[in-house]
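In what follows, every heavy atom counts, from backbone to side chain, and hydrogens, waters and symmetry copies are set aside. Numbers restart at 1 for each chain; the letters A, B, ... are given by sequence-line order, proteins then strands.
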2 protein chains.
Amino acid sequence: MKDNNDMPGHLARRFQQIAVAVFLAEVEDAGFDLTPVQYAALATIKANPGLDQVTLAGLIAYDRTTITGVIDRLVQKGLAERRASSRDRRARELEVTDEGRRTLRKITPAVESAQRIMLRGLSAKEGEELMRLLRKAIAAGNDLSRAPLRDAPV
Amino acid sequence: MKDNNDMPGHLARRFQQIAVAVFLAEVEDAGFDLTPVQYAALATIKANPGLDQVTLAGLIAYDRTTITGVIDRLVQKGLAERRASSRDRRARELEVTDEGRRTLRKITPAVESAQRIMLRGLSAKEGEELMRLLRKAIAAGNDLSRAPLRDAPV
DNA sequence: TACTGATAGTCAGCATACTGATCAATATCC
DNA sequence: GGATATTGATCAGTATGCTGACTATCAGTA
């Protein structure tokens, strides 16, 4: 029988497990307390000021129920703000605070370092190839999870 | 600035997210209720009858605190048994029940189908290459997470 | 305008995963 | 042999992620 440890699903979990551990270690070494999800959300809010939570979720492929808690914690840390939208009273408009902007700026080297470390076993060429194959596999499976990547609405 | 969605860490999370969704869907279609973690644990117990929880955790690279809960649920579903060890009274010896054995046998096609689906965007050759690169990256990063893969003790 | 359906956000509940602590039992070392 | 260190398992606490349900609101239409 095929070794369980050699299945694609298992390898996916292991790589993700290492990626998260490396991210948290690098960020903590740099003196910050931010998870991968929180970083992705914060960076995406900064790039799209005033966007609502559902759009944010789509842009980074998270479930909207997860985003609620992530934003809670970003707000609680003083890095983001959640305001009622004037156009649609159901929606919340998200903004990065000055403190959030400062954090994003200072944390970038740690984030980039983490990306290098998680690929440290591969040559530059192999790293590129791994990313290409992951992108291709993900594109084909995008609609298979509850939280597919979506473009921002017009 | 580099697009956040194009970082290795993000791709890792997305691929893992899709892999889990596909696994759960295929297994549910086959009439079973088992998570990827539960499946991996059950299959590994079957292949190593009587092993303790720490060894199990090392064999599939899970944190031992996570394993406690996973075994709780396997026991509660009647698929595994947890007995006090006679050699070491701190340890628990794990066994698969007849029901667990039956489940493993019947669930295999769904698990294999899930592995194919999560790679459906890639050619056979590309799928092999993706797995090779993941294995290589994982091997280099094995010690970077709290739950590295470990061989069984002698 | 009243009805219907869709959408934004939240919540309860469950299952990973992690950190750090604790307890009981075993190993090791002097 | 007895102090010390280590180890197996669990627990409390926190943060993803998911399903399914619910409320409030919006949009389209008869």
Side-chain angles (χ1 to χ4, degrees), chain A residues 9 13-14 16-25 28 33-41 51-58 60-77 82-94 144-148 150 153, chain B residues 9 12-14 16-25 27-28 33-41 51-58 60-77 82-94 144-148 150 153:
Chain A
R13 188 187 64 81
R14 292 272 289 127
Q16 147 80 355
Q17 177 185 48
I18 291 167
V20 171
V22 167
F23 184 100
L24 292 174
E28 188 187 351
D33 169 32
L34 214 61
T35 66
V37 197
Q38 289 166 17
Y39 171 78
L51 87 174
D52 64 287
Q53 296 185 190
V54 167
T55 303
L56 169 60
I60 51 184
Y62 290 103
D63 193 274
R64 71 191 195 286
T65 63
T66 301
I67 288 293
T68 295
V70 171
I71 302 295
D72 281 350
R73 287 178 280 279
L74 285 178
V75 168
Q76 206 244 315
K77 287 176 182 177
R82 186 195 249 140
R83 289 197 308 263
S85 165
S86 48
R87 292 189 319 276
D88 183 340
R89 282 189 309 171
R90 291 169 303 181
R92 308 277 185 275
E93 286 177 0
L94 303 173
L144 300 178
S145 82
R146 168 161 147 168
R150 291 189 203 289
Chain B
R13 188 187 63 82
R14 293 271 288 127
Q16 147 79 356
Q17 177 185 48
I18 290 167
V20 171
V22 168
F23 184 99
L24 292 174
V27 164
E28 188 187 351
D33 170 32
L34 216 62
T35 66
V37 196
Q38 289 166 16
Y39 171 79
L51 87 174
D52 65 285
Q53 296 185 190
V54 167
T55 304
L56 169 59
I60 51 184
Y62 290 104
D63 193 275
R64 69 192 194 289
T65 63
T66 301
I67 287 292
T68 296
V70 172
I71 302 297
D72 280 350
R73 287 178 280 279
L74 285 177
V75 168
Q76 207 244 314
K77 288 178 184 177
R82 184 196 251 141
R83 289 197 309 261
S85 166
S86 49
R87 293 190 318 277
D88 184 340
R89 284 188 309 173
R90 291 169 302 181
R92 308 278 184 275
E93 287 176 1
L94 303 173
L144 300 178
S145 83
R146 169 161 145 169
R150 291 189 202 289

>> From CG of L74(A) over to C1' of dA15(D), roughly how many Å is that when rounded to an integer?
In response: 12 Å
> In chain order, what residues pass the side chain to side chain donor-acceptor pair (under 3.5 Å) check against R14(B), with sequence neighbours excluded?
Replying inline: N142(A), Q17(B)
>> Quick check: on DNA chain C, is the nucleotide nearest D88(B) upstream (toward 5') of the one nearest T35(B), or the reverse? Name the residue that is more 5'.
In response: T35(B)
> Does anything in residues 63-73 of chain B reach DNA chain C, meaning a heavy atom under 4.0 Å, and if so which residues?
Replying inline: D63(B), R64(B), T65(B), T66(B), V70(B), R73(B)
> Between V54(A) and R64(A), what is the shortest heavy-atom contact and its length?
Replying inline: CG2-CD, 4.3 Å
> Of the non-hydrogen atoms in D52(A) and A91(A), which two are nearest, and what is the gap between them?
Replying inline: CB-CB, 4.2 Å
>> Holding to salt bridge (charged side-chain N to carboxylate O under 4.0 Å, His left out), I want the full list of residues that pass it with R90(B), two or more places apart in sequence or in another chain.
In response: D88(B)
> Between atom CG in L51(B) and atom P in dG8(D), what is the gap in whole Å?
Replying inline: 12 Å
>> Test of understanding: with side-chain contact (heavy atoms from CB on, under 4.5 Å), list the residues that count as partners of V22(B), not counting sequence neighbours.
In response: L144(A), I18(B), E26(B), A114(B), I117(B)
> Whole Å only: how far is the CZ atom of R13(B) from the C1' atom of dA15(D)?
Replying inline: 14 Å
>> Checking V37(A) against Y62(A) for the side chain to side chain contact (heavy atoms under 4.5 Å, CB included) test, could you report, in this order, the C-alpha distance in whole Å, the side-chain angles of both residues, the deciding distance, and whether it holds?
In response: CA-CA 9 Å; V37(A) 197; Y62(A) 290 103; 3.4 Å; yes
> How far does the helix from dT1(C)-dA30(D) to dC30(C)-dG1(D) bend, going by the axes of its first and last five pairs, to the nearest 10°?
Replying inline: 10°
> How close or far is atom P of dT16(D) from atom CZ of R14(B), stated in whole angstroms?
Replying inline: 18 Å
> In chain order, what residues pass the side chain to side chain donor-acceptor pair (under 3.5 Å) check against T65(B), with sequence neighbours excluded?
Replying inline: D63(B)
>> Going by the rule salt bridge (charged side-chain N to carboxylate O under 4.0 Å, His left out), which residues pair with R73(B) if we only count those two or more places apart in sequence or in a different chain?
In response: none
> How close or far is atom C1' of dA24(D) from atom CG of D52(A), stated in whole angstroms?
Replying inline: 15 Å
> Between L56(A) and L94(A), what is the shortest heavy-atom contact and its length?
Replying inline: CD2-CD1, 3.7 Å
> Between Q17(B) and dC18(D), does any side-chain N or O lie under 4.0 Å from OP1 or OP2?
Replying inline: yes
> What is the 5' to 3' range of DNA chain C, first to last nucleotide, that sits under 4.0 Å from any heavy atom of chain A?
Replying inline: dA6(C) to dC18(C)
> Mind checking what makes side-chain contact (heavy atoms from CB on, under 4.5 Å) contact with T68(B), not counting sequence neighbours?
Replying inline: Q53(B), D72(B), R82(B)
> Between Q53(B) and R90(B), which is nearer to the 5' end of DNA chain D once each is assigned its nearest nucleotide?
Replying inline: R90(B)
> Minimum heavy-atom separation for L74(B) to A41(B), with atom names?
Replying inline: CD1-CB, 4.0 Å
> How is E93(A) classified with respect to the nucleic acid when contacts are heavy atoms under 4.0 Å: base, sugar-phosphate, or nothing?
Replying inline: nothing
>> I want to check one thing: is the phosphate of dT16(D), taken as OP1 and OP2, less than 4.0 Å away from some side-chain N or O of Q16(A)?
In response: no
> With no angle test and no hydrogens, is the base of dT25(D) tied to the side chain of R89(A) by a donor-acceptor pair under 3.5 Å?
Replying inline: no
> Over how many whole Å does the gap from R92(B) atom CZ to dT7(D) atom P extend?
Replying inline: 18 Å
> Which pair of heavy atoms, one from G9(A) and one from A19(B), lies closest together, and at what distance?
Replying inline: CA-CB, 4.4 Å
